[in-house]
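The structure appears right after this line, and notes come after that.
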There are 2 protein chains.
Amino acid sequence: MLEINDAFNSDHNHDHCVSGALDNAKVICQESGQRLTPIRELVLRLVWSSHKPLGAYELLPALADAGFNSAPPTVYRALDFLHQLGLIHKIGSLNAFVGCSNPEHPHPSAFMICRECKTAAEIETSELQESFNRVANTHGFQLEEENIELLGLCSDCRGSES
Amino acid sequence: MLEINDAFNSDHNHDHCVSGALDNAKVICQESGQRLTPIRELVLRLVWSSHKPLGAYELLPALADAGFNSAPPTVYRALDFLHQLGLIHKIGSLNAFVGCSNPEHPHPSAFMICRECKTAAEIETSELQESFNRVANTHGFQLEEENIELLGLCSDCRGSES
DNA sequence: AAATGTATTGTTATAATATAACAATAATTG
DNA sequence: CAATTATTGTTATATTATAACAATACATTT
Ligand SMILES: [Zn+2]
Ligand SMILES: [Zn+2]
Ligand SMILES: [Zn+2]
Ligand SMILES: [Zn+2]
């Protein structure tokens, strides 16, 4: 199991994360015949402004700054759209959204999340799927979706504990 | 990885689940020097009234029926108390709480959850811990808590799909 | 038992998150 | 262009959760 982005490495070139995410989004929208409207693209950019999951209500002021006088339903619609295309993941324990690092290959939501700085690093869980499939099959459960959250303290925040 | 309760077997003796949960709670409160007050015990009973996670606001009317004229803070306090002792788990994607089937041995929250009937069956994930520890160690992440949710359709609900 | 301190619950108000319902506009299609 | 569909705007409200302070119950010490 591996981290699939550099979220915990504060030296990484984050512009590269953002431009990659936008490129991916355009391709995926194209392929699925969906439109990446200005609002949707902006919401995606905002979600990708860091590796810290953002709540819908944190996006609203940023949308306003960009000249969109949007209300909650508009933000939730954009988030739903991006979520359905697998461009973002929802972190249930935070009620917040974070960009997906590998949307070209649909996969479960799985993250390490720092309780201090809130940074969420996506992890790759293919090695766990066999176990999950086994327990599901054993009980006749049709597995459709997975949310995996590993919560704790990232390396940076461990250093600066009180 | 195994299911650690019979949530998906509607024929199981659920009174046994409830009485076991209450017995466990009394022992655990005793051992930790905490008080299982009437409200806390009732909230635990209500959470255990089925294997479907319940939200705080679903508990309020049931508390009222039992003669407690409680407001949200009281319910949340009782839920927090039970959660801290490991007697219940929170299902992040549902904003709801469900009884823990094995509180004597503290462990991560891990469930199969039916999107149709909402039944949540706790699963045992010790075989996954090595993978989780490995990814955490690799990135200097201090793992403290885990939320694992497998979402889909239970066997009963697969049968009665439209 | 009375006094004191702590834990628990009551109470009111409000914050934070999310959706319903319908209107207006923009984009696409025929 | 007209008709249709998709997207966004708008208002209102539902749902989930917590802050702040008062009152009460319980435990501990004297
Ligand atoms: Zn980045
Ligand atoms: Zn951190
Ligand atoms: Zn049961
Ligand atoms: Zn079901």
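Quick note on labels: first sequence line is chain A, next is B, and so on, each numbered from 1.
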Check the pair B:Q84, B:Q34 against side-chain hydrogen bond (donor to acceptor under 3.5 Å, both in side chains), reporting the backbone distance first and the verdict last. CA-CA 11 Å; B:Q84 278 171 30; B:Q34 301 290 98; over 6 Å; no

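- Residues of residues 52-71 of chain B having a heavy atom closer than 4.0 Å to DNA chain D, listed by number: B:Y57.
- Of the residues B:V43, B:L36, B:L42, the one that meets the side-chain contact (heavy atoms from CB on, under 4.5 Å) test with B:I39 is B:V43.
- Within the structure, the side-chain hydrogen bond (donor to acceptor under 3.5 Å, both in side chains) test picks out no pair touching residues 62-79 of chain A (sequence neighbours left out).
- Contacts with DNA chain D (heavy atom under 4.0 Å) in residues 76-92 of chain B: B:Y76, B:R77, B:K90, listed by number.
- Counting only residues at least two apart or in different chains, salt bridge (Lys or Arg N to Asp or Glu O under 4.0 Å) contacts with residues 80-106 of chain B are absent.
- Close approach of DNA chain D to chain B, defined as any atom under 4.0 Å from a non-hydrogen atom of the protein, starts and stops at D:dT16 to D:dC26.
- Scanning all heavy atoms of the two residues, the minimum distance from B:P103 to B:G86 falls at CB-O, 3.5 Å.
- Summary for the helix from C:dA1-D:dT30 to C:dG30-D:dC1: the axes at its two ends, each from 5 pairs, differ by 30° when rounded to the nearest 10 degrees.
- When the shell of 6.0 Å around CD of B:Q30 is examined, it contains 12 or fewer heavy atoms from other residues, nucleotides or ligands.
- Counting only distance, with no hydrogens or angles, the side chain of B:E31 and the backbone of B:I28 share no donor-acceptor pair below 3.5 Å.
- Sorted by residue number, the members of residues 31-48 of chain B with any non-hydrogen atom under 4.0 Å from DNA chain C read B:R35, B:T37, B:I39, B:R40.
- To the nearest 0.5 Å, atom CZ of residue A:R115 and atom OG1 of residue A:T119 are 13.5 Å apart.
- The side-chain hydrogen bond (donor to acceptor under 3.5 Å, both in side chains) search around B:T37 returns none, not counting sequence neighbours.
- Looking only at side-chain heavy atoms (C-beta outward), B:S131 and A:E127 come within less than 4.5 Å of each other.
- For the salt bridge (Lys or Arg N to Asp or Glu O under 4.0 Å) condition, the pairs that include at least one residue of residues 36-55 of chain B, sequence neighbours left out, are B:E41-B:R45.
- By the ring-ring contact (aromatic ring centres under 6.0 Å, His included) test, A:F97 is found to be paired with no residue, residues two or more places apart in sequence or in another chain being considered.
- Straight-line distance from the CG atom of A:L94 to the C1' atom of C:dA16: 14 Å, rounded to whole Å.
- Connectivity analysis of hydrophobic side chains (ILVMFWY, heavy atoms under 4.5 Å, direct or indirect) links A:I113 to A:I91, A:L94, A:V98, A:F111, A:L151.
- A:H107 and A:E122 form a side-chain donor-acceptor contact under 3.5 Å, judged by distance and modelled atom types alone.
- A:H12 pairs by the ring-ring contact (aromatic ring centres under 6.0 Å, His included) definition with A:H14, A:H51, not counting sequence neighbours.
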